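Report on one structure; see the data block that follows.
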Amino acid sequence: MDIWHVRGGNRLFGSCRVQGSKNASLPLLAASMVFPARSVIRNVPRLRDVDAAVAILSHLGCRVEAEEGELYIDARSVTGAEIPHALMAEMRSSVIFMGALLARCGEARLSLPGGCQLGKRPIDLHLSALRAMGAEISQEGSNIFCRAAKLHGAEIELRFPSVGATENAMLAACAAEGRTTIRGAAREPEIVSLQQYLASLGVHITGAGGDTIVICGASPRESTDFTVPSDRIVASTLACACAAAGGRIILTGADPEHFLTVLHFLNEAGCDIIHFNDIVEISSNGELHAPKRIVTAPYPGFPTDAQPILMAALLRAQGTTHITETIFENRFRQVSELRRLGTDIRVEGTEARLRGVKELHGETLTAPDLRGGAAMIVAGLTARGETRVIDAGHITRGYESFDDRLCALGAEVWIEHKGKGTYENAIEQDQSAAGKQARRV
Ligand code: UD1
């Protein structure tokens, strides 16, 4: 359990290098075991979710060494096709190992994945894509058994451009005989980097970034060396932090093309944005005004992951902001907590209406999920006094040294780490003391 302390009111100045992308790294780690090859993967962020993926690889028999943001993975020996529930439950991306295991071992035994509770998050599209390639899949409770003596190429049509289903289909297709076409594929930058990585291992694959991906087998190579692209949601978060708090920051190692929609809304809200190659400069006087309606959509639309964070940046913006969430049913979980800072937000179904207020005041909030937690830190930067965010480890699943990075830009943020159970113990002690008192009365 972590308690993040944020003392609001400081403007942000300086430059910050954007970390490697979590959502690009995780499918690459699953992909690293598709062939008996060695991979060097660079610019991997140090995050809990990455640790979870490494633990899965190690459990399956791969050798993984980590050094200064680089992972050395030797997947020449894979000794099992089963992922225990405790490892699956750590994160959402563990489900991508299904396609990787099917490709490598012809079977996969695992359970439903964990991750942020953003809605129902079914995996029907993953399963139907794998079935189309010849996999037999059965489910008992939360356990999933997949088997395919031989995978074959298929025509796959996704009814929604699911990122995870596209990744799973791409990985399984690496071992399929013949040609696999994935239509209606997700177009996110993470899909493009997965294609580049697979191509560097000898997979004949084209089309990522568009809505049709074609995979025609592989001429496997023994090794590859690949660099993870920068994290567009972390870049968006830092940009939103500066927009809300005011100041001028320079993001380096960023890919502005990957978060143009976020930059567009910040610009509309009154920030000055300049970008050139991998550098993005954001300047804000901290006095924002509400942009026109924000609607989340699959890439290249406005990313759902940035929605809670941009909302947090606009809490004090003059006027009314309307936000429509189209991807996840449960993506406004930050709202009830943000209200405690003195905000005026109303949610009806998929619509949120946010009326900017003059001032926010620090409060103790609870992070509901990864991006919701980051949103609370951003809000805290603009609130009067201290905001405390109680977080069961969500934020460190996606942000590397977030406190240090914000402090280096001039923010006052620090984390109080409570040992496993300590926080719960403290609450229990409080409750039992209260109980004793109650009995005394
Ligand atoms: C990925 C990202 C997550 C991001 C999301 C949408 C990772 C690790 N996570 O999640 O941060 O918020 O993309 O950009 O990369 N759906 C189905 N059936 C399926 C699969 C998905 O109905 O089989 C629905 C989901 O419930 C959701 C929508 O499709 O409503 C988008 O999900 P998807 O693109 O699959 O998201 P993830 O891959 O889980």
Side-chain angles (χ1 to χ4, degrees), residues 21-24 26-27 49 91-93 95-96 113-123 125-126 158-167 184-192 211 231-241 243 255 257-266 268-269 291-315 321-338 345 347-354 367-379 394-395 397-399:
S21 162
K22 167 178 91 75
N23 287 355
L26 300 175
D49 276 12
M91 59 167 177
R92 180 74 190 169
S93 271
V95 74
I96 312 302
C116 290
Q117 303 302 313
L118 307 176
K120 293 196 247 6
R121 303 191 88 172
I123 56 166
L125 296 171
H126 302 239
L158 297 177
R159 72 174 148 72
F160 182 86
S162 154
V163 175
T166 303
E167 291 166 346
R187 299 166 60 187
E188 270 70 359
E190 295 77 37
I191 302 292
V192 175
D211 71 354
D231 195 307
R232 61 197 171 100
I233 305 300
V234 170
S236 302
T237 307
L238 292 164
C240 286
D255 191 334
E257 289 295 323
H258 290 173
F259 62 114
L260 273 185
T261 47
V262 178
L263 294 175
H264 163 83
F265 284 117
L266 292 180
E268 207 182 308
K292 287 205 199 82
R293 180 175 289 278
I294 298 164
V295 182
T296 63
Y299 193 84
F302 180 81
T304 173
D305 284 1
Q307 177 265 107
I309 298 158
L310 182 59
M311 174 187 278
L314 295 170
L315 296 175
T321 307
H322 295 271
I323 302 178
T324 307
E325 170 60 46
T326 70
I327 308 292
F328 291 111
E329 306 90 346
N330 234 346
R331 197 95 220 220
F332 287 132
R333 293 172 82 208
Q334 74 279 10
V335 168
S336 56
E337 293 294 296
L338 291 177
I345 314 174
V347 173
E348 267 175 42
T350 57
E351 308 283 325
R353 193 214 59 199
L354 156 64
D369 49 48
L370 165 55
R371 306 303 170 187
M376 281 162 203
I377 307 291
V378 169
H394 296 295
I395 301 172
R397 282 188 37 227
Y399 293 85

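A quick note: this is a predicted structure, and the numbers were derived from the prediction, not measured. Computation of the quantities below employed the complete heavy-atom set of this structure, encompassing side-chain atoms and omitting hydrogens, waters and symmetry-equivalent molecules.
Taken from OG1 in Thr237 to CZ in Phe259, the straight-line distance is 10.0 Å, to the nearest 0.5 Å. Of the inter-residue distances, the one linking Lys292 atom NZ with His322 atom NE2 reads 12.5 Å to the nearest 0.5 angstrom. The line from CD1 of Ile96 to CE of Met91 is 9.0 Å long, rounded to the nearest 0.5 Å.
For the pair Phe302/Val295, no side-chain contact is recorded, criterion being any heavy-atom separation below 4.5 Å from C-beta on. Under the 4.5 Å side-chain criterion, counting only non-hydrogen atoms from C-beta, Ile233 is not in contact with Val262. The shortest side-chain heavy-atom distance between Pro298 and Arg187 does not fall under the 4.5 Å cut-off. Within the 4.5 Å cutoff, the side chain of Thr261 has heavy atoms near those of the Pro303 side chain. Side chains of Pro161 and Asp211 form no contact here, defined as non-hydrogen atoms less than 4.5 Å apart.
Of all heavy-atom pairs between Arg397 and Leu370, the closest is NH1-CB, 4.3 Å. A pairwise comparison of heavy atoms in Ala185 and Leu158 identifies CA-CD1, 4.3 Å as the closest pair. The shortest heavy-atom contact between Ile309 and Cys240 is CG2-CB, 3.8 Å. When every heavy atom of Ile294 is checked against every heavy atom of Pro291, the shortest pair comes out as CD1-CG, 4.0 Å. Nearest heavy-atom pair across His126 and Ser162 is NE2-OG, 4.1 Å. Nearest heavy-atom pair, Ala367 versus His394, reported as atom, atom and distance to 0.1 Å: O-CD2, 3.5 Å.
Evaluation of the salt bridge (Lys or Arg N to Asp or Glu O under 4.0 Å) rule for Glu190 yields Arg232 as partners, not counting sequence neighbours. Partners of Tyr399 by ring-ring contact (aromatic ring centres under 6.0 Å, His included), not counting sequence neighbours, listed by chain and number: Phe402. A search for salt bridge (Lys or Arg N to Asp or Glu O under 4.0 Å) contacts involving Glu351 returns Arg293, not counting sequence neighbours.
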Requested in this report: Apply the test side-chain contact (heavy atoms from CB on, under 4.5 Å) to residues Asn330 and Asp369: give CA-CA distance (whole Å), side-chain angles for both, the deciding distance (0.1 Å), then the verdict.
Outcome: CA-CA 11 Å; Asn330 234 346; Asp369 49 48; over 6 Å; no

Requested in this report: Just do the side-chain contact (heavy atoms from CB on, under 4.5 Å) check on Thr321 and Leu310 with the steps written out, would you?
Outcome: CA-CA 11 Å; Thr321 307; Leu310 182 59; over 6 Å; no

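At distances below 3.5 Å, at least one donor-acceptor pair connects side-chain atoms of Gln307 with backbone N or O atoms of Arg331. Between the side chain of Thr166 and the main chain of Ala186, a donor-acceptor pair closer than 3.5 Å is present. A donor-acceptor contact shorter than 3.5 Å links the side chain of Thr326 to the backbone of Thr296.
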